[in-house]
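Residue numbers start from 1 in every chain, and the chains themselves are labelled A, B, ... in the order their sequence lines are given, proteins ahead of strands.
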Amino acid sequence: MYHPFDMQRRRILVTGAASGIGRATCVALSQLSARVSAVDIDAEGLAETIRQLAGDGHSQIQLDLTQLDQIAPAVTKDAAANGSLSGAVHAAGLPCVEPIRLLEPDAYRRALIVNTEAALSLARAFQRKDVCAPDGGAIVFVSSVMGLVGSPGSAAYSMSKAALHGLARGLALELAPRRIRVNCVAPGFVNTPMFARLAGFWDPQERARVEADHPLGIGSPEDIANAICFLLSSAGRWITGCILPVDGGYTAK
Amino acid sequence: MSSLYSTLTKLLEVDAVQPDDKLRDFDNWDSLTVLSLCAHVDASCGVSLSAQDLQAVNTVDDLERLIASRKAA
Ligand SMILES: NC(=O)c1ccc[n+]([C@@H]2O[C@H](COP(=O)([O-])OP(=O)(O)OC[C@H]3O[C@@H](n4cnc5c(N)ncnc54)[C@H](O)[C@@H]3O)[C@@H](O)[C@H]2O)c1
């Protein structure tokens with residue numbers, strides 16, 4: 001029976017796979033019968049993700065994405081060993097909440113490299129003829145509502161995420177002739193270890209304010225994973241260059 | 001702890017801070033400053049303080065002692 005979300009015989013590479021949204025994406029993809037190449041700097045977290053996956057044929061790649069020149073060799077090696085890729089998801093990311101007076105280049109550079117520049121390097125690696133499946137594929141960058149709107153202290157993070165939107169639109173047009181689609185998912189606040197760290201600093205009033213900003217409440221990693229699967233699957237085959245907010249209504253206001 | 005003092009001088013935009021300076025007396029002491037300070041303390045000392053914890057803190061020295069006691073705990 002045809003199912004537009006079915007991922008059988010597709011291999012999808014996911015960065016940030018050891019935690020939060022990246023891990024939930026790996027799990028959801030495996031439940032749709034995809035094979036997953038899980039990438040993260042955190043080897044222990046990766047091993048736990050692999051344990052949670054359905055099916056077999058998955059691989060794990062321990063990689064520090066700030067080493068931009070190591071991304072293409074690692075991706076090419078994985079494709080040669082395990083088969084060509086039909087999709088790539090960039091979910092690795094770092095928060096950066098700083099007032100502008102603290103935004104010296106060193107304070108935001110790591111977040112900019114992991115959030116933004118690594119996404120470009122990943123897309124470059126993915127589109128190679130010896131990596132991408134011959135019938136094309138799809139790329140999803142996990143940006144943020146903070147790439148669409150701002151908040152005090154978000155300047156550097158917003159910059160890193162808004163840049164992903166430009167990257168996705170440019171690549172969407174450049175890679176369309178090769179049937180490679182490029183989209184972004186822009187999450188609102190989602191309950192992950194990154195969120196928990198940040199929320200730990202808030203007082204109850206701030207917590208209540210953030211919750212009220214999301215008419216459907218704080219999201220779960222699965223909410224984002226499902227949207228990513230949709231964009232990667234055949235159900236999303238006419239969608240490219242799109243920024244999809246998945247935010248419980250955060251940007252509707 | 002010297003990293004705490006250097007973070008505070010940058011955050012509060014002053015040349016130096018003294019142990020008995022009152023945090024709330026600085027012009028820059030607002031909710032974003034508190035959030036940023038919590039993130040720095042977490043990153044440099046592995047101690048997770050909340051905005052509420054900081055409400056109970058009066059001076060720089062109090063803050064230093066709070067971090068030390070959380071670290072020991
Ligand atoms: N949680 C939220 O509320 C939220 C909201 C909007 C957007 N996002 C974005 O979603 C993505 C996933 O966030 P999350 O909440 O799951 O965070 P998380 O911290 O739980 O997971 C992020 C993962 O990225 C990995 N990573 C960080 N630096 C790396 C590096 N140099 N090399 C390789 N891997 C590295 C971490 O090891 C971790 O496994 C991020 O891009 C984040 O900016 C999150």
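Within the 3.5 Å criterion, the main-chain N or O of Ile113(A) finds no donor-acceptor partner in the side chain of Thr116(A).
A donor atom on one side chain and an acceptor atom on the other are found under 3.5 Å apart for Asp78(A) and Ser59(A). With no hydrogens or angles considered, a side-chain donor-acceptor pair links Glu64(B) and Tyr5(B) at under 3.5 Å. Side-chain contact, His58(A) with Ser37(A): no donor N or O sits under 3.5 Å from an acceptor N or O.
Note that OG1 of Thr66(A) is 6.0 Å distant from CD1 of Ile41(A), once rounded to the nearest 0.5 Å.
Heavy atoms of Asn28(B) lying under 4.5 Å from chain A belong to its backbone as well as its side chain. At a 4.5 Å heavy-atom cutoff, the contact between Leu11(B) and chain A is made by backbone and side-chain atoms alike.
Contact residues of residues 186-212 of chain A toward chain B are Arg197(A), Gly200(A), Phe201(A), Trp202(A), Asp203(A), Pro204(A) (heavy-atom distance under 4.5 Å).
In terms of heavy atoms, Ala92(A) sits closest to Thr15(A) at N-OG1, 3.1 Å.
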- Message: Let's go through Asp40(A) and Arg23(A) carefully: what are the C-alpha distance in whole Å and the side-chain angles of both, what is the deciding distance for salt bridge (Lys or Arg N to Asp or Glu O under 4.0 Å) to 0.1 Å, and is it a yes or a no?
- Response: CA-CA 10 Å; Asp40(A) 206 289; Arg23(A) 173 179 285 167; over 6 Å; no
